[in-house]
Asker: 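This is the structure I want to talk about, given as structure tokens.
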Amino acid sequence: MDTTVATTGTEGQKWGGASKPLNVSYGKMMMWFFILSDALTFTGFLAAYGFSRFKFIEEWPIADEVFNHFPFLHGTDAPMFYVALMTFILIGSSVTMVLAVDAGHHMNKKKVSLYMLLTIIGGFIFVGSQAWEWKNFINGEYGAVKTKGGKILQFLDVETGKRVALNEFVKVGPRDVETYGNSEGIWYTTSGEYNATYTIEEVKKGFVDNPNVTIRTQQLIVNEETGASEKLVLSREDALIKLNKDAVGVVEGANLTENEYGAPLFADFFFFITGFHGFHVFSGVIFNLIIFFNVLLGTYERRGSYEMVEKVGLYWHFVDLVWVFVFTFFYLV
Amino acid sequence: MADHAAHDGHKLAIFRGTLKFKSNTQKIWGVLIFLSLITIVEVALGYIKPDFLNGKIIGLKLLNWIFIILTLVKAYYITWDFMHMRDETSGLRRSVVWTSVFLIIYLMVILLVEGEYIYQVYKNAAVSFDF
């Protein structure tokens with residue numbers, strides 16, 4: 001391995017790296033300062049998220065309603081349980097990582113490779129879970145109506161106060177599609193409703209026909225008894241007026257411009273911040289894989305030091321650290 | 001340094017020396033249990049949302065303050081024990097931690113105050129924003 005190291009004739013002297021500032025190697029120190037700068041990047045994103053949330057405090061979605069799915073428990077309201085599980089997976093993979101670092105200090109190649117492998121598996125499970133969360137969020141659950149001012153109106157059962165999905169009270173009418181062929185050069189013409197599951201007119205009609213459905217607006221009111229903030233539920237009469245006067249479109253699920261749960265900005269920040277974090281997890285898994293193969297090849301055994309494992313370990317823990325904050329600010333607060 | 005620095009140069013005591021571990025591996029599992037407990041408490045509080053925690057302190061609900069403080073506690077133990085910040089020199093520790101803590105508090109306070117102000121403008125303006 002000596003052949004790959006250039007000699008400069010300053011070895012053993014101060015400028016040849018004889019003394020370590022802060023008693024830490026160059027690589028580890030730089031990893032720390034990279035982490036510092038990356039932490040500030042995430043701070044910028046989360047601070048922007050906080051700014052927008054305070055600005056649109058009323059129409060901000062209630063996290064418990066958005067993320068309430070759990071695999072194999074269809075229709076069960078399980079708020080946060082899945083993200084909590086994801087948190088445990090990531091903390092668990094952090095633990096196997098730090099165990100790998102510890103095994104590296106004891107020059108135990110077998111244990112290092114085992115723990116690295118477990119860390120990589122945990123990372124993959126986490127990225128997969130995030131994809132599943134995205135899928136649920138993008139598909140949505142109940143559907144809602146958008147007003148002229150860009151606010152969201154959601155539907156509730158008058159008696160139970162439970163959410164009602166659009167497909168429970170809206171009848172789908174005919175869609176006007178005129179088909180053409182190759183000779184005309186276009187496939188079809190339509191009034192634009194062809195792709196929509198429901199049109200706003202169909203929702204309005206379904207609402208009139210079903211007297212047990214009412215509307216929940218985004219306006220926050222404080223419950224006098226408990227002190228909890230709740231969204232304002234309109235009376236049946238007010239709901240009819242509101243729907244006929246203001247509603248302009250149907251929203252199903254969430255994307256970068258629309259969000260059935262509330263402010264579209266929430267969806268933008270969710271996709272961007274969890275996406276950026278997921279990208280970090282993914283690149284962390286790749287780094288871990290590279291180091292894992294190096295461990296298997298015995299590179300660090302020959303080098304006499306497993307410090308590389310320590311450096312990717314720092315990065316991996318940082319990813320865990322960011323998730324702790326994302327978890328709090330997206331799901332808990 | 002001298003009293004709780006054991007083998008490998010790892011400091012093996014947490015909670016300001018009240019809980020001492022025999023080896024680094026043991027400390028890792030101990031910290032995992034502690035972090036899991038905090039997460040369970042967070043999820044339980046988020047699920048139940050007790051009414052007596054709805055009171056507001058400095059613009060935020062008491063419950064939200066609890067979440068933020070628990071998060072910072074978790075962040076501390078991840079950094080100190082998983083990332084071994086406990087074992088680094090005070091110079092490195094301060095240059096990383098003080099820098100980030102100062103800048104994060106600075107940015108957060110400014111942006112949150114500004115966001116709240118714009119909300120008030122929207123809410124109390126002559127033009128309605130809810131239509």
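Just so we're on the same page: letters track the sequence lines, and every chain starts at 1.
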Asker: Please classify the contact of Phe318(A) with chain B as side chain, backbone, both or neither, using a heavy-atom distance under 4.5 Å.
Answerer: both
Asker: Chain B heavy atoms under 4.5 Å from Ser229(A): which part of the residue, side chain, backbone, both or neither?
Answerer: both
Asker: Under a 4.5 Å heavy-atom cut-off, does chain B meet the side chain of Ile35(A), its backbone, both or neither?
Answerer: side chain
Asker: Over all heavy atoms of both residues, which pair between Ser129(A) and Met86(A) is shortest? Give the atoms and the distance, please.
Answerer: CB-CG, 3.5 Å
Asker: What I'd like to find out is whether the side chain of Arg86(B) reaches to under 4.5 Å of the side chain of Ile14(B), using heavy atoms alone.
Answerer: yes
Asker: Keeping the roles fixed (side chain from Thr217(A), backbone from Leu232(A)), state whether a donor-acceptor pair exists under 3.5 Å.
Answerer: yes
Asker: Give, as side chain, backbone, both or neither, the part of Ala39(A) having an atom under 4.5 angstrom from any heavy atom of chain B.
Answerer: neither
Asker: Based on non-hydrogen pairs under 4.5 Å, which of Val222(A), Thr147(A), Asn223(A) is most in contact with chain B?
Answerer: Thr147(A)
Asker: Please examine the side chains of Lys231(A) and Gln154(A), heavy atoms only from C-beta on, and report whether any two atoms are closer than 4.5 Å.
Answerer: no
Asker: I need the residue from Leu321(A), Val24(A), Asp320(A) with the largest number of non-hydrogen atom pairs under 4.5 Å to chain B.
Answerer: Leu321(A)
Asker: Given heavy-atom pairs under 4.5 angstrom as the criterion, report whether the side chain, backbone, both or neither of Trp65(B) touches chain A.
Answerer: neither
Asker: Between His280(A) and Asp38(A), does a side-chain hydrogen bond (donor to acceptor under 3.5 Å, both in side chains) hold up when you go through it step by step?
Answerer: CA-CA 10 Å; His280(A) 272 76; Asp38(A) 215 20; 2.5 Å; yes
Asker: Fit a plane to each ring of Tyr122(B) and Phe56(A), take the angle between them on a 0 to 90° scale, and name the class: parallel (under 30°), tilted (30 to 60°) or perpendicular (over 60°).
Answerer: tilted
Asker: Considering only heavy atoms, which portion of Lys56(B) lies under 4.5 Å from any heavy atom of chain A: side chain, backbone, both, or neither?
Answerer: neither
Asker: Give the ring-plane orientation class for Phe126(A) versus Trp323(A), where under 30° counts as parallel, over 60° as perpendicular and anything between as tilted.
Answerer: perpendicular
Asker: Quick one: which of Phe329(A), Phe272(A), Trp60(A) gives a ring-ring contact (aromatic ring centres under 6.0 Å, His included) with Phe266(A)?
Answerer: Trp60(A)
Asker: If I measure from the heavy atoms of chain B, does Val324(A) come under 4.5 Å with its side chain, its backbone, both, or neither?
Answerer: both
Asker: Measuring heavy-atom distances to chain B, does Lys28(A) have an atom under 4.5 Å in its side chain, in its backbone, in both, or in neither?
Answerer: side chain
Asker: Against chain A, work out which of Gly115(B), Gly55(B), Gly91(B) has the most heavy-atom pairs shorter than 4.5 Å and name it.
Answerer: Gly115(B)
Asker: Any salt bridge linking Lys242(A) with Asp238(A)? Criterion: basic side-chain nitrogen under 4.0 Å from a carboxylate oxygen.
Answerer: no
Asker: If every non-hydrogen atom of Leu40(A) is compared with every non-hydrogen atom of Ser100(B), which pair is closest and at what distance?
Answerer: CD2-CA, 4.3 Å
Asker: Who among Arg53(A), Glu58(A), Gln218(A) has the most heavy-atom pairs with chain B under 4.5 Å?
Answerer: Glu58(A)
Asker: Is Val101(A) close to chain B through its backbone or its side chain, or both, or neither, when contacts mean heavy atoms under 4.5 Å?
Answerer: side chain
Asker: So that I can tick it off, tell me whether Asp246(A) and Lys151(A) are bridged by a salt bridge, with the cut-off set at under 4.0 angstrom between side-chain N and carboxylate O.
Answerer: no
Asker: Side chain, backbone, both or neither: which part of Leu332(A) has a heavy atom under 4.5 Å from chain B?
Answerer: both
Asker: Tell me if a side-chain donor or acceptor on Asn124(B) pairs with a main-chain N or O of Gln120(B) at a distance below 3.5 Å.
Answerer: yes
Asker: Starting from the C-alpha separation in whole Å, work towards a yes-or-no answer on ring-ring contact (aromatic ring centres under 6.0 Å, His included) for Phe34(B) and Phe15(B).
Answerer: CA-CA 11 Å; Phe34(B) 180 61; Phe15(B) 304 141; 5.0 Å; yes
Asker: At under 4.5 Å between heavy atoms, what parts of residues 70-82 of chain B are in contact with chain A? List them by residue number.
Answerer: Thr71(B), Leu72(B), Lys74(B), Ala75(B), Ile78(B), Thr79(B), Asp81(B), Phe82(B)
Asker: Mind ranking Ala47(A), Gly44(A), Ser37(A) by heavy-atom pairs under 4.5 Å with chain B and telling me who comes out on top?
Answerer: Ala47(A)
Asker: Less than 4.5 Å to any heavy atom of chain B: does that hold for the side chain of Phe88(A), its backbone, both, or neither?
Answerer: side chain
Asker: Looking at Val83(A), Asn23(A), Leu99(A), which makes the most heavy-atom pairs under 4.5 Å with chain B?
Answerer: Leu99(A)
Asker: Sort out for me which residue in Phe42(A), Phe269(A), Tyr49(A) forms a ring-ring contact (aromatic ring centres under 6.0 Å, His included) with Phe276(A).
Answerer: Phe42(A)
Asker: For Ser90(B), which atoms come within 4.5 Å of any heavy atom of chain A: side chain, backbone, both, or neither?
Answerer: neither
Asker: Given that the side chain runs from C-beta out, which part of Thr43(A) has a heavy atom under 4.5 Å from chain B: side chain, backbone, both or neither?
Answerer: both
Asker: Less than 4.5 Å to any heavy atom of chain B: does that hold for the side chain of Ala48(A), its backbone, both, or neither?
Answerer: backbone
Asker: Can you tell if the side chain of Val113(B) reaches within under 4.5 Å of the side chain of Tyr117(B), non-hydrogen atoms only?
Answerer: no
Asker: Do the non-hydrogen side-chain atoms of Phe33(A) and Leu92(B) ever get within less than 4.5 Å of each other?
Answerer: yes
